[in-house]
Every structure is written in structure tokens, then in C-alpha cells.
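I have placed the structure first, in the form of C-alpha cells, so that the comments after it can refer back to it.
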Protein chains: 2
Amino acid sequence: MTDSLPPIQTTARDDAVLKALAGFVRQEALGPGEKLPTERILAERLKVSRNTVREALTRWEGLGLVERRQGSGTYLKAAVSPDMLHMPLTLAGGNDFAGLMRTLEIRRALEAEAAALCAIRAGKAEIAEIERKLNIMEEAFHTRAGMSSEEDWEFHQSVYRASGNPLFEQIIAAMHELFHRFWEHPLGVRDFGHASFPYHRTIFNCIAAHDPEGARREALKLIATVENDLKRGAANLKLSDRR
Amino acid sequence: MTDSLPPIQTTARDDAVLKALAGFVRQEALGPGEKLPTERILAERLKVSRNTVREALTRWEGLGLVERRQGSGTYLKAAVSPDMLHMPLTLAGGNDFAGLMRTLEIRRALEAEAAALCAIRAGKAEIAEIERKLNIMEEAFHTRAGMSSEEDWEFHQSVYRASGNPLFEQIIAAMHELFHRFWEHPLGVRDFGHASFPYHRTIFNCIAAHDPEGARREALKLIATVENDLKRGAANLKLSDRR
DNA sequence: GTGCAGAAATTGGTTGGACCATTGAACCAC
DNA sequence: GTGGTTCAATGGTCCAACCAATTTCTGCAC
């Protein structure tokens with residue numbers, strides 16, 4: 001009967017600090033890259049100990065919202081608003097090849113859905129932006145004679161953004177980071193991803209034609225080529241030697 | 001030219017503390033719910049200040065790995081291993097109806113893929129377990145004459161587990177938590193989700209028949225009914241009144 | 001012995017102050 | 001300009017207390 005009576009908060013200093021800081025960021029309209037007040041100033045203004053400020057900032061740093069540089073200051077890394085919801089995921093044992101394939105399975109699911117939604121929702125401006133990124137990527141591919149992961153990634157991001165759901169970009173970006181941390185570590189990118197090249201344009205064509213099922217199908221093909229490349233590479237390279 | 005020269009790490013005290021703690025947890029074979037050493041003992045044993053220990057534990061707490069209870073101790077909340085990868089997601093402005101629908105789009109993508117993978121990979125034991133959960137859910141539905149979110153959720157979890165990729169369960173669980181935090185707050189669950197009931201068995205039938213495309217199709221239907229229920233509910237309830 | 005109230009010990013939370021390490025800007029010699 | 005040097009600002013670490021919540025122990029009443 002007396003559920004939903006939240007326990008009173010007698011101590012939640014660091015949470016309060018974060019709330020105040022989020023309000024400050026909003027009020028000052030601070031964006032990514034900008035510097036926020038020093039710990040000492042925050043401690044003084046908020047009437048709490050510097051240690052408490054540090055614990056609060058440590059939370060934000062762990063969430064990737066903020067970056068601390070000794071001797072320089074604390075800088076925003078992402079947009080912050082007072083009504084954020086946090087969803088920390090921890091993936092145990094993701095450092096091996098099997099873990100890599102698992103992230104690809106997630107990416108396959110999200111990539112296909114994002115492409116389909118993008119085909120439904122993208123307006124003229126978004127389609128033009130995607131095409132711009134596609135052209136950049138294709139030019140880089142032809143001049144440097146190989147996949148360039150940077151431009152490739154930019155193309156995909158523009159698709160995620162046009163899907164109208166920022167969660168796609170966030171989750172896939174996290175996967176992407178995991179992916180690169182493992183893959184580019186040993187000896188740099190090889191011929192990797194070469195076979196996936198043509199599907200970028202077929203995906204774009206489906207998006208431009210507002211064909212969600214086609215976009216989904218082509219995105220699945222793209223991921224399938226990446227998976228095959230990975231499996232071949234793993235077989236050749238004796239991945240078990242690593243780490 | 002001089003790429004791949006990572007900056008050297010001169011100080012990383014709290015990271016070192018976390019690594020040592022992860023090793024300790026592994027060595028002692030500690031599982032969720034168990035208590036780990038007090039901050040004072042950790043500080044003494046690791047030869048660092050208690051403050052540093054606290055910063056490290058604050059990181060883990062923010063990641064949901066650990067729970068601290070004042071006056072009692074610090075307890076493990078999840079399994080930890082030295083080679084974990086963290087992926088914190090922050091969803092800005094997820095407190096409204098649009099944010100809820102965005103989480104559902106992610107869930108649609110993952111649910112369909114997980115069901116398909118499950119149809120491919122589930123062995124006899126997994127299928128039996130899923131059927132068990134399904135029967136429990138159906139019985140609860142008939143006796144209580146309505147969807148029971150607890151048993152429903154258990155059924156879905158068993159599908160994710162049988163997909164062979166723990167990431168599905170982790171990500172969807174995070175979405176699920178977000179979902180409930182928003183939805184069950186105002187006035188409890190209404191008739192919600194009633195229409196999705198029959199699809200649970202059709203999904204199971206496809207999984208048992210090892211029909212991945214059928215499982216994907218039925219899963220998409222299930223999410224579609226939930227989306228429709230939500231939209232109808234939102235239109236009726238004037239959700240804009242909230243918050 | 002049992003039960004329970006109160007004291008005592010334990011443990012995370014907070015404070016204030018100190019010092020170290022790194023950074024970046026100002027300054028200076030060349 | 002170039003390359004050092006100095007110096008203030010800033011995050012990182014440490015220490016020693018004390019506060020607040022919890023748990024455990026103790027001793028008294030029965």
C-alpha cells in the first residue's frame with residue numbers, strides 16, 4: 001500500500017553536486033570541448049569539500065561525459081542535460097576473437113534497423129549529407145586504393161544520425177570503439193573491409209529511394225562481408241597468439 | 001608517419017587499484033552479493049590512500065559493478081573479471097514519451113536478431129528452458145487474466161540467453177530498466193501489453209522448429225503490438241501532463 | 001536462558017589542509 | 001624565431017580527523 005514512497009535523501013552530496021553542475025552547464029550553454037570550473041572553485045561555490053567534488057566528477061568521467069587533464073582542467077566531452085539517464089554496460093571477456101564477433105552481431109541488428117529507419121525518415125537535407133560523406137569515402141577509396149576506416153565510419157554515422165534516433169549512434173559507437181581497440185592494435189589495418197565497399201552505395205540508393213526493406217537487406221550484406229573478412233583473417237593470423 | 005605512438009602512462013593509481021581489486025575478486029572467487037574488503041583495509045594493503053581507493057570504487061559503483069552501504073560495507077553487484085570492457089551509454093532527455101519510443105526501436109532491432117540467432121543456436125536444453133518459462137507465463141496470464149510483466153520478462157530473458165551472445169541480454173535489460181522507470185511510475189501498469197500475448201508462443205514455435213526468419217518475423221510483430229499499445233495509451237492519457 | 005535497550009565497534013561519507021606532478025603561459029637569453 | 005627557465009594554475013594523491021548509518025556486543029530485566 002505504502003509503496004512508491006521514495007526514501008528521503010539525507011545524504012547524497014555528490015549527486016547533488018552533479019545536479020548543480022548539470023544545471024550550470026545548461027545555464028551557461030556549455031558544449032563539448034569547453035572547460036568547466038576548476039575543482040577548487042566548484043568546492044568553494046557549492047560549499048562542499050573538494051573531495052566530494054572530485055567523487056562527483058569521477059562519476060561523470062567514468063560515464064565518459066567529461067575528461068580531466070592534469071595541470072589543465074576539466075573539459076566536457078559530451079552534451080550534458082539535467083534529465084539524463086545512464087545505462088552502463090560491462091562486457092566480460094570481450095578481448096578475444098569471440099567477443100569481437102559478438103559485438104558484430106549487435107552491430108548487425110542495429111545497423112540494419114538504422115538503415116531501414118533512415119530510409120523512412122531521412123529528408124532531403126539528410127540524404128544530401130549522407131551522399132556527401134559517401135562521395136568523400138569513395139574518393140578516398142580510389143585515391144588510396146583501399147578502405148579508409150575514418151571516412152567509412154563518417155558515412156555510417158551520418159546514416160545513424162538520419163535515423164532520427166540518437167541511441168543507434170551511441171550504442172554502435174561504443175561497439176566501434178571496442179572493435180578498434182582490439183583490431184587496430186596488433187599490426188594496423190590490413191586489406192580489411194575491402195569487400196564491403198560496394199554496399200555503401202547500394203545502401204545509399206535504397207535510402208534515397210525511401211526503400212526501408214532494401215536498405216535493411218543491403219546493410220545485412222555489408223555486415224556479412226565484414227564478418228567473412230574477419231573469419232578469414234582470424235584463420236590466417238593465428239589470433240590465439242595475441243594477448 | 002609517426003602514428004601509433006600511444007602516449008605513455010605515467011600515473012594511473014586508481015586504475016591500478018581497480019586492476020588489483022579485479023585480480024583479488026578473481027582469486028577469491030567472489031560472486032555477486034559477496035562483501036569485499038573495507039576501504040581502510042584496501043588502502044592499507046595496496047599502500048595507497050583511502051581517498052584513492054574511494055575514487056576507484058566510485059568508478060565501479062558508477063558502472064553498477066558494486067554497491068556501497070554506509071555502515072555495512074561494499075558488496076559486489078555483478079561478476080567482475082580483469083578483462084572487462086565498459087560501455088557507458090547516456091541517453092539525453094529520455095524522460096518523455098519520445099524517449100520511450102526510441103528505446104523501443106533499439107529493442108525491436110535486438111529482439112528480432114536475438115530471436116533469429118536463438119532459432120539457429122538453441123539446443124534441446126535451451127528450448128526446454130524457454131518452453132518452461134513460456135508455460136509459466138501463460139498460466140499466470142490465464143489465472144490472473146492479464147499480462148504479468150515479471151513472467152513475461154523472464155521468458156524474453158531465456159530467449160536472449162539462448163542466443164549465445166550475452167550482449168543481447170545486457171543491452172535489452174538496460175532498455176527494459178529505462179522503460180519501467182518511466183512507465184510504471186505514474187499509475188502502475190494498466191491493461192498494457194495484452195495484445196502481445198499470443199506472439200510469445202508463435203516465437204517459441206519458430207525457435208523450436210529452428211526457423212530463424214519466422215522467429216524474426218514474429219518478434220517484430222510482438223514489438224509492433226507493444227508500440228501500438230503505447231501510442232494508444234499515450235493518446236488517451238495526455239502524457240504531456242506528466243513531469 | 002530470553003528478549004531487548006543501549007553502548008560500542010565497524011564502515012562508508014565528508015571535511016580541510018597539505019603536498020606532488022603536469023600543464024601552459026609568460027619571460028628571457030641567444 | 002628558437003629553445004630553455006620560471007612560475008602560477010590545476011588535477012592527483014595523501015593524511016588525519018570527524019560524521020552518519022549499520023552492525024555487533026553487552027548487560028540488565030524478566
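Below, read A as the first sequence line, B as the second, and so on, with proteins coming before strands; counting in each chain starts at 1.
- At whole-Å resolution of the value, CD in A/E55 and P in D/dG11 are 16 Å apart.
- Across the protein-nucleic acid pair, A/E67 atom CD and D/dG12 atom C1' stand 15 Å apart, rounded to whole Å.
- Screening residues 31-42 of chain A for salt bridge (Lys or Arg N to Asp or Glu O under 4.0 Å), with sequence neighbours left out, gives A/E39-A/R50, A/E39-A/R54, A/E39-A/R68.
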Pairs: protein N or O with nucleotides 8-12 of chain C N or O, under 3.5 Å:
| unit_1 | atom_1 | unit_2 | atom_2 | d |
| --- | --- | --- | --- | --- |
| C/dT11 | O2 | B/G71 | N | 3.2 |
| C/dG12 | OP1 | B/T74 | N | 3.4 |
| C/dG12 | OP1 | B/T74 | OG1 | 3.3 |
| C/dG12 | OP2 | B/E39 | N | 3.1 |
| C/dG12 | N7 | B/R40 | NH1 | 3.0 |
| C/dG12 | O6 | B/R40 | NH2 | 3.1 |
| C/dG12 | N2 | B/Q70 | OE1 | 3.0 |

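- With C/dT15, D/dT13, D/dC14 as the candidates, the nucleotide lying closest to the side chain of A/V48 is C/dT15.
- Residues that satisfy the side-chain hydrogen bond (donor to acceptor under 3.5 Å, both in side chains) test with A/E126, not counting sequence neighbours, are absent from this structure.
- Scanning residues 16-34 of chain A for heavy-atom distances under 4.0 Å to DNA chain C yields an empty list.
- A donor and an acceptor atom never sit less than 3.5 Å apart when one is taken from the side chain of B/N51 and the other from the base of D/dG12.
- Residues satisfying the side chain to side chain contact (heavy atoms under 4.5 Å, CB included) criterion with A/A115, sequence neighbours excluded, are A/A215, A/A219.
- Evaluation of the salt bridge (charged side-chain N to carboxylate O under 4.0 Å, His left out) rule for B/E139 yields no partner, not counting sequence neighbours.
- Distance CG (A/L57) to C1' (C/dT14): 16 Å, rounded to an integer number of Å.
- Residues meeting the salt bridge (charged side-chain N to carboxylate O under 4.0 Å, His left out) test with B/E111, sequence neighbours left out: B/R107.
- In this structure, a donor-acceptor pair under 3.5 Å is present between the side chains of B/E55 and A/T58.
- The distance between atom CG of B/L42 and atom C1' of D/dC14, rounded to the nearest whole Å, is 16 Å.
- Scanning for salt bridge (charged side-chain N to carboxylate O under 4.0 Å, His left out) contacts around B/R45 gives an empty result, with sequence neighbours left out.
- One can place NZ of A/K47 at 18 Å from P of C/dT14, the figure rounded to the nearest angstrom.
- A/R161 is linked by a salt bridge (charged side-chain N to carboxylate O under 4.0 Å, His left out) to A/E169, counting only residues two or more places apart in sequence or in another chain.
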